Amino acid sequence: VVILLIVLKYVYEVIYMKNYFYDSTNDSLIIRKGVFSINEITLPFNRIQDVYVDQDILDRIFGLYDVHVSSATMISGVLSHIDGLNSDISKAIKDIILKKIK
């Protein structure tokens with residue numbers, strides 16, 4: 001049972017990473033992710049209110065960071081974060097977003 005759960009978790013993560021996408025255009029940030037239902041959120045830069053970088057306990061263990069972006073909508077808090085970045089890339093993405101919203 002444990003081996004089956006490990007294999008299922010691995011397959012889930014592979015599919016998640018295959019569907020994971022983020023990009024920025026001249027006027028918005030696009031984030032797409034999901035396994036069973038793929039969610040895509042497009043945040044116009046002129047509506048972004050907050051950008052911050054954080055780590056949870058697993059991120060600290062692996063040296064990863066998450067970039068969170070939020071607007072006034074409730075859904076943005078749930079979907080609008082970019083996971084699993086190293087320190088330099090997370091800071092660079094945060095700086096790019098901050099430059100675009102100023």
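Since we're looking at a predicted model, the values are computed, not measured.
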Can you tell if the side chain of [X] reaches within under 4.5 Å of the side chain of [Y], non-hydrogen atoms only?
| X | Y | result |
| --- | --- | --- |
| Ile82 | Tyr20 | yes |
| Phe45 | Ile97 | yes |
| Ser87 | Lys91 | yes |

Minimum heavy-atom separation for Gly34 to Asn19, with atom names?
O-ND2, 3.0 Å
Here the pair of heavy atoms bringing Lys94 nearest to Val51 is CG-CG1, 3.6 Å
Report the distance from atom [atom1] of [X] to atom [atom2] of [Y], rounding to the nearest 0.5 Å.
| X | Y | atom1 | atom2 | value |
| --- | --- | --- | --- | --- |
| Asp54 | Arg60 | CG | CZ | 9.0 Å |
| Asp27 | Leu43 | CG | CG | 11.5 Å |
| Leu29 | Thr42 | CG | OG1 | 8.5 Å |
| Ser80 | Ile31 | OG | CD1 | 5.5 Å |
| Ile41 | Ser71 | CD1 | OG | 6.5 Å |
| Lys33 | Asn39 | NZ | CG | 9.0 Å |

Hey, is the main chain of Gly84 close enough, under 3.5 Å, to the side chain of Asp66 for a donor-acceptor pair?
yes
Any donor-acceptor pair under 3.5 Å from Gln55 side chain to Leu64 backbone
yes
Does [X] belong to the same Ile/Leu/Val/Met/Phe/Trp/Tyr cluster as [Y], with side-chain heavy atoms less than 4.5 Å apart forming each link?
| X | Y | answer |
| --- | --- | --- |
| Phe21 | Val67 | no |
| Val69 | Val53 | yes |
| Tyr65 | Met17 | yes |
| Ile30 | Ile96 | no |
| Phe36 | Tyr16 | yes |

Quick one: sort the Tyr52 and His68 rings into parallel, tilted or perpendicular, breaks at 30° and 60°.
parallel
Please check if atom CD1 in Ile3 has more than 12 non-hydrogen atoms from other residues, nucleotides or ligands closer than 6.0 Å.
no
